[in-house]
**Student:** 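Handing you a structure now.
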Amino acid sequence: LLWGRAWVDMELDKDAQIKTYKDSWCTLAFDEDAKNTLTIRENSQIRLDSLYPVEVNLPKGRVFAVVNQVSKVKEFKIRTPVAIAGVLGTGESVESGNKGTQVWCFDGKLFIQGVNTQGGQGMLEDFKILVDAQGNLGVQLPLSPEDLGDWQDFLDYIRAADAFGYR
């Protein structure tokens with residue numbers, strides 16, 4: 001696979017792949033008003049499995065999602081090798097790595113399912129969960145001050161993008 005540079009207002013299709021490197025982030029908008037966005041953190045890789053409904057495959061790395069109008073995208077799911085996080089109108093982050101998948105719910109609610117579990121569970125804001133490398137759901141834990149700092153860094157990034165007219 002040959003990687004190229006992205007640019008502002010670039011349009012992507014189903015099956016597009018995005019890879020970020022050190023000190024680079026990329027934000028995708030899934031509607032004209034940018035009410036439903038995904039920000040890909042540094043050293044991450046995603047594939048857009050579907051645009052409507054939104055289905056993102058995250059084999060490695062970390063993303064932040066803000067979904068303010070889920071009706072515009074029908075559904076919004078982030079899939080890793082061991083878990084699926086379904087957004088129900090929220091601000092969240094998902095990280096996929098060798099030890100499994102971690103999901104943070106910063107605002108609103110979401111639904112999380114491990115690949116080796118029957119069904120799944122809802123998550124409310126201010127909680128996080130680890131899905132182990134075998135796809136088993138862990139216990140939901142309260143967000144730490146460090147988690148909230150990551151969320152604030154993300155919000156500052158989005159505000160800076162707005163200030164420069166990138167959204």
Side-chain angles (χ1 to χ4, degrees), residues 1 3-97 100-113 120 122-123 125 127-129 131 143 147-167:
L1 182 64
W3 297 100
R5 287 195 174 269
W7 59 87
V8 175
D9 293 330
M10 180 179 190
E11 290 191 24
L12 300 172
D13 293 319
K14 178 184 173 297
D15 297 323
Q17 294 188 55
I18 298 145
K19 183 176 185 177
T20 58
Y21 296 95
K22 186 175 179 359
D23 298 325
S24 65
W25 291 25
C26 177
T27 299
L28 308 178
F30 291 92
D31 60 277
E32 290 179 10
D33 301 325
K35 298 291 185 188
N36 304 294
T37 63
L38 181 81
T39 297
I40 305 142
R41 295 280 304 255
E42 67 180 347
N43 299 318
S44 300
Q45 186 173 340
I46 70 156
R47 181 182 67 237
L48 299 174
D49 289 343
S50 175
L51 298 175
Y52 185 83
V54 174
E55 291 186 24
V56 176
N57 186 300
L58 174 67
K60 72 172 197 165
R62 187 170 184 185
V63 297
F64 283 84
V66 175
V67 180
N68 289 314
Q69 293 182 343
V70 74
S71 62
K72 286 191 171 193
V73 292
K74 191 174 179 183
E75 289 180 325
F76 199 106
K77 292 181 182 175
I78 300 171
R79 180 183 304 269
T80 73
V82 298
I84 301 168
V87 176
L88 303 171
T90 191
E92 71 162 335
S93 182
V94 178
E95 184 171 24
S96 177
T101 294
Q102 185 145 346
V103 179
W104 297 261
C105 186
F106 294 103
D107 185 28
K109 58 186 177 178
L110 57 93
F111 184 82
I112 183 75
Q113 180 176 358
M123 284 184 67
E125 63 186 69
F127 283 90
K128 63 184 174 183
I129 192 168
V131 182
L143 296 177
D147 297 330
L148 295 171
D150 287 347
W151 180 243
Q152 189 59 54
D153 289 348
F154 163 71
L155 293 176
D156 291 346
Y157 165 80
I158 293 298
R159 283 189 201 100
D162 281 344
F164 288 103
Y166 290 134
R167 290 187 48 182

**Student:** Answer yes or no: is there a side-chain heavy-atom contact under 4.5 Å between Lys77 and Phe111?
**Tutor:**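 No, too far: nothing below the 4.5 Å cut-off.
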**Student:** Quick check, are the ring centers of Tyr157 and Phe64 under 6.0 angstrom apart?
**Tutor:**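 No, ring centres 6.0 Å or more apart.
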**Student:** For Pro53 and Ser50, which heavy atoms make the closest approach, and how far apart are they?
**Tutor:**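 For Pro53 versus Ser50, the nearest heavy atoms are O-OG, 2.5 Å.
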**Student:** Is any side-chain heavy atom of Arg159 closer than 4.5 Å to one of Leu155?
**Tutor:**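 Of all side-chain heavy-atom pairs linking Arg159 with Leu155, at least one is under 4.5 Å.
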**Student:** Roughly how far, to the nearest 0.5 Å, is the OG atom of Ser96 from the CG atom of Asn57?
**Tutor:**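 One gets 8.5 Å once the value is rounded to the nearest 0.5 Å.
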**Student:** To the nearest 0.5 Å, what is the distance between CD (Gln152) and CG (Asp147)?
**Tutor:**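 That separation rounds to 13.5 Å.
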**Student:** Judged by atom type as modelled, is there a donor-acceptor pair below 3.5 Å linking the side chain of Glu42 to the main-chain atoms of Asp23?
**Tutor:**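 Yes, because the side chain of Glu42 sits within donor-acceptor range (under 3.5 Å) of the backbone of Asp23.
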**Student:** Would you confirm whether Glu92, through its side chain, and Cys105, through its main-chain N or O, come within 3.5 Å as a donor-acceptor pair?
**Tutor:**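 Pair absent, no side-chain N/O of Glu92 close to backbone of Cys105.
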**Student:** Checking ring-ring contact (aromatic ring centres under 6.0 Å, His included) for the pair Phe106/Phe154: CA distance, chi angles, key distance, verdict?
**Tutor:** CA-CA 11 Å; Phe106 294 103; Phe154 163 71; 8.4 Å; no
**Student:** Taking Asp31 for the side chain and Asn36 for the main chain, is one N or O donor matched with an acceptor at less than 3.5 Å?
**Tutor:**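 Yes, Asp31 side chain to Asn36 backbone: donor-acceptor pair under 3.5 Å.
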**Student:** Nearest 0.5 Å, please: how far is CH2 in Trp25 from CD1 in Ile158?
**Tutor:**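 Reported value, rounded in 0.5 Å steps: 8.0 Å.
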**Student:** How far does CD of Glu95 sit from CG of Asp150, to the nearest 0.5 angstrom?
**Tutor:**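 Going from CD on Glu95 over to CG on Asp150, the span is 9.0 Å.
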**Student:** Roughly how far apart are Lys109 NZ and Met123 CE, rounded to 0.5 Å?
**Tutor:**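 With rounding to 0.5 Å, NZ (Lys109) is 13.5 Å from CE (Met123).
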**Student:** Working note: Trp151 + Trp104, criterion side chain to side chain contact (heavy atoms under 4.5 Å, CB included); need CA distance, chi angles, decisive distance, verdict.
**Tutor:** CA-CA 9 Å; Trp151 180 243; Trp104 297 261; over 6 Å; no
**Student:** May I ask you to check whether over 12 heavy atoms, not counting those of Lys19, lie within 6.0 Å of atom NZ?
**Tutor:**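 Enclosed.
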**Student:** For residues Thr101 and Thr80, is any side-chain donor paired with an opposing acceptor at under 3.5 Å?
**Tutor:**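 Thr101 vs Thr80: donor-acceptor pair found between side chains.
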**Student:** Between Leu48 and Val56, does a side chain to side chain contact (heavy atoms under 4.5 Å, CB included) hold up when you go through it step by step?
**Tutor:** CA-CA 5 Å; Leu48 299 174; Val56 176; 4.1 Å; yes
**Student:** Report the residue from Ile18, Leu28, Leu38 that forms a side-chain contact (heavy atoms from CB on, under 4.5 Å) with Val63.
**Tutor:**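 Per the side-chain contact (heavy atoms from CB on, under 4.5 Å) rule, the option paired with Val63 is Leu38, out of Ile18, Leu28, Leu38.
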**Student:** Any donor and acceptor pair, going by atom type alone, linking the side chain of Thr20 with main-chain N or O of Asn43 inside 3.5 Å?
**Tutor:**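 Yes: the side chain of Thr20 pairs with the backbone of Asn43.
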**Student:** To the closest 0.5 Å, what do you measure between CZ (Arg41) and CG (Leu58)?
**Tutor:**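 Spacing of CZ (Arg41) from CG (Leu58) equals 12.5 Å.
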**Student:** What residue among Val87, Val54, Thr37 forms side-chain contact (heavy atoms from CB on, under 4.5 Å) with Val67?
**Tutor:**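 So the option named by the test is Val87.
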**Student:** How far apart are the C-alpha atoms of Arg79 and Asp49, what are their side-chain angles, what is the distance that settles it, and do they pass the salt bridge (Lys or Arg N to Asp or Glu O under 4.0 Å) test?
**Tutor:** CA-CA 9 Å; Arg79 180 183 304 269; Asp49 289 343; 5.1 Å; no
